[in-house]
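Input: a single structure, listed below in structure tokens.
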Amino acid sequence: MTARRAAAGGAPGTAEQTTGGRGARPRPLDGPGARSAPAGLRGFTRRPPPARERCELCAEPLSGEHRHLVDTRKRSLMCACTGCYLLFTRPGAGAGHFRAVPDRYLKDPDFTLDEESWNRLQIPVGLAFFFRNSALDRPAAFYPSPAGATESELDPGTWRDVLGHSRLAALLRPDTEALLIRRERDAEGLGPGDCYLVPIDACYELVGRMRLHWQGFDGGAEARADLTEFFARVRAKARPPAQEEDGP
């Protein structure tokens with residue numbers, strides 16, 4: 001098996017700065033009792049307000065909850081305002097350059113996956129997501145790791161044999177949705193697992209959560225608790241696939 005890590009950017013942090021020697025009490029920069037700074041320097045001594053997130057197409061300010069587009073050429077997610085998002089909800093809009101990420105969550109209650117089939121997928125952990133890369137016209141497999149999303153080479157024939165026949169795989173929309181599989185460990189090893197169809201941005205949210213909280217060899221208690229909370233939300237949103245749902 002070969003695997004490679006997908007590039008993932010970290011969120012910028014902030015740091016407090018103080019002046020004075022060891023044990024010195026920081027002096028307030030403004031407010032009652034503060035030492036006045038020269039007017040020309042006052043703008044530099046005050047902490048700037050946090051930058052407001054904006055639509056990456058039109059620069060419209062975004063609310064905390066907003067939608068995403070997939071840039072199929074750069075293989076990246078973009079934050080979008082409602083107007084720009086709706087422009088790309090129709091098939092073929094923008095010649096396929098940008099694709100709107102749907103918000104549906106589905107679960108196949110009849111899904112099963114035995115140990116032999118899982119081993120054929122060559123995923124070294126009990127958690128992975130799979131989506132169809134339209135640029136390469138093939139399925140791709142990723143799993144979370146402390147370094148971000150790690151890709152595992154997936155043979156198209158193996159995909160067809162192991163997952164391609166499932167109900168959710170038939171409904172999967174290229175680039176924007178993924179099959180998310182979790183196999184929990186019990187006393188007998190890894191169980192048969194659960195399979196969900198989720199928006200692709202949910203998968204990268206999961207990757208970011210694992211990267212943020214991972215500690216030690218097995219992730220640690222905080223990462224496991226966060227994983228449990230994430231899948232509780234997925235289960236609450238997921239519904240069985242309706243017979244009338246169309247494929248991609």
Side-chain angles (χ1 to χ4, degrees), residues 1-9 67-79 88 91-92 94-108 111 113 116-183 190 193-211 214 227 230-231 234 238 241 246-248:
M1 179 192 71
T2 60
R4 57 179 182 270
R5 294 186 180 90
R67 307 299 293 274
H68 293 101
L69 303 171
V70 171
D71 184 331
T72 60
R73 297 177 186 173
K74 295 182 179 179
R75 312 307 308 171
S76 62
L77 287 173
M78 300 176 61
C79 298
F88 298 100
H97 183 178
F98 301 111
R99 293 188 175 180
V101 178
D103 61 354
R104 63 176 181 169
Y105 287 76
L106 304 176
K107 179 181 179 180
D108 184 355
F111 176 83
L113 189 66
E116 180 182 356
S117 297
W118 183 253
N119 289 338
R120 290 187 62 190
L121 294 172
Q122 301 189 73
I123 304 295
V125 296
L127 179 62
F129 61 95
F130 307 82
F131 68 93
R132 178 163 290 280
N133 183 321
S134 64
L136 301 178
D137 192 27
R138 65 170 178 82
F142 287 83
Y143 57 90
S145 77
T150 299
E151 182 173 7
S152 180
E153 298 292 344
L154 180 61
D155 176 68
T158 301
W159 161 263
R160 288 191 299 270
D161 294 343
V162 176
L163 295 173
H165 62 278
S166 66
R167 295 176 68 188
L168 296 184
L171 299 172
L172 199 60
R173 295 169 183 164
D175 303 308
T176 61
E177 293 181 321
L179 294 189
L180 178 61
I181 297 178
R182 184 188 187 192
R183 303 182 68 217
L190 290 176
D194 293 320
C195 182
Y196 302 91
L197 185 151
V198 301
I200 192 68
D201 52 7
C203 296
Y204 285 102
E205 176 193 347
L206 174 59
V207 168
R209 283 168 169 258
M210 292 296 96
R211 191 180 184 196
W214 194 281
L227 189 64
F230 175 85
F231 274 94
V234 170
D246 296 325

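Along the sequence shown, the residues carry numbers beginning at 1. Computation of the quantities below employed the complete heavy-atom set of this structure, encompassing side-chain atoms and omitting hydrogens, waters and symmetry-equivalent molecules.
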Mind listing the closest non-hydrogen atom pair of [X] and [Y] along with its distance?
X    : Y    : result
Y143 : L127 : CB-O, 3.2 Å
G96  : T72  : O-OG1, 2.9 Å
D103 : P199 : CA-CG, 4.0 Å
V125 : W118 : O-CZ2, 3.0 Å
R104 : L171 : NH2-O, 2.7 Å
G148 : V207 : C-CG1, 3.6 Å

Within 45° cone and under 6.0 Å: R209 NZ/CZ vs F230 ring: no
Would C195 and L113 count as a side-chain contact (heavy atoms from CB on, under 4.5 Å) if you check the C-alpha gap in whole Å, the side-chain angles of each, and the deciding distance to 0.1 Å? CA-CA 9 Å; C195 182; L113 189 66; over 6 Å; no
Taking side chain to side chain donor-acceptor pair (under 3.5 Å) as the test, write out the residues that go with [X], two or more places apart.
X    : value
R67  : Y85
S134 : D175
D71  : H97

For the [atom1] atom of [X] and the [atom2] atom of [Y], what is their distance to the nearest 0.5 Å?
X    : Y    : atom1 : atom2 : result
L77  : E205 : CG    : CD    : 11.5 Å
F231 : D194 : CZ    : CG    : 8.0 Å
S166 : D108 : OG    : CG    : 6.5 Å
D201 : L206 : CG    : CG    : 12.0 Å
L227 : R182 : CG    : CZ    : 4.0 Å
E177 : L106 : CD    : CG    : 7.5 Å

Is there a donor-acceptor pair under 3.5 Å between the side chain of S152 and the backbone N or O of A141? no
Could you work out, with side-chain contact (heavy atoms from CB on, under 4.5 Å) as the rule, every residue matching A238, not counting sequence neighbours?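 With neighbours one apart ignored, the set is Y105, K107, Y196.
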Using the test side-chain contact (heavy atoms from CB on, under 4.5 Å), find all partners of A178 that sit at least two apart in sequence or belong to another chain. F129, F131, I200, C203
Using side-chain heavy atoms (C-beta onward) and a distance below 4.5 Å, is I123 in contact with I181? no
With a 4.5 Å limit on heavy-atom distance, are the side chains of V162 and F130 in contact?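 Counting from C-beta outward, V162 and F130 never come under 4.5 Å.
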Would you find more than 12 non-hydrogen atoms of other residues, nucleotides or ligands less than 6.0 Å from R75 atom CZ?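 Yes.
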Which residues pass the salt bridge (charged side-chain N to carboxylate O under 4.0 Å, His left out) test with D161, not counting sequence neighbours?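 Scan of D161 (salt bridge (charged side-chain N to carboxylate O under 4.0 Å, His left out), adjacent residues dropped) gives R120.
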Tell me the salt bridge (Lys or Arg N to Asp or Glu O under 4.0 Å) pairs involving residues 125-135, sequence neighbours left out? R132-D137
Set of residues satisfying ring-ring contact (aromatic ring centres under 6.0 Å, His included) with respect to F88, sequence neighbours excluded: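 Partners of F88 under the ring-ring contact (aromatic ring centres under 6.0 Å, His included) test: F98.
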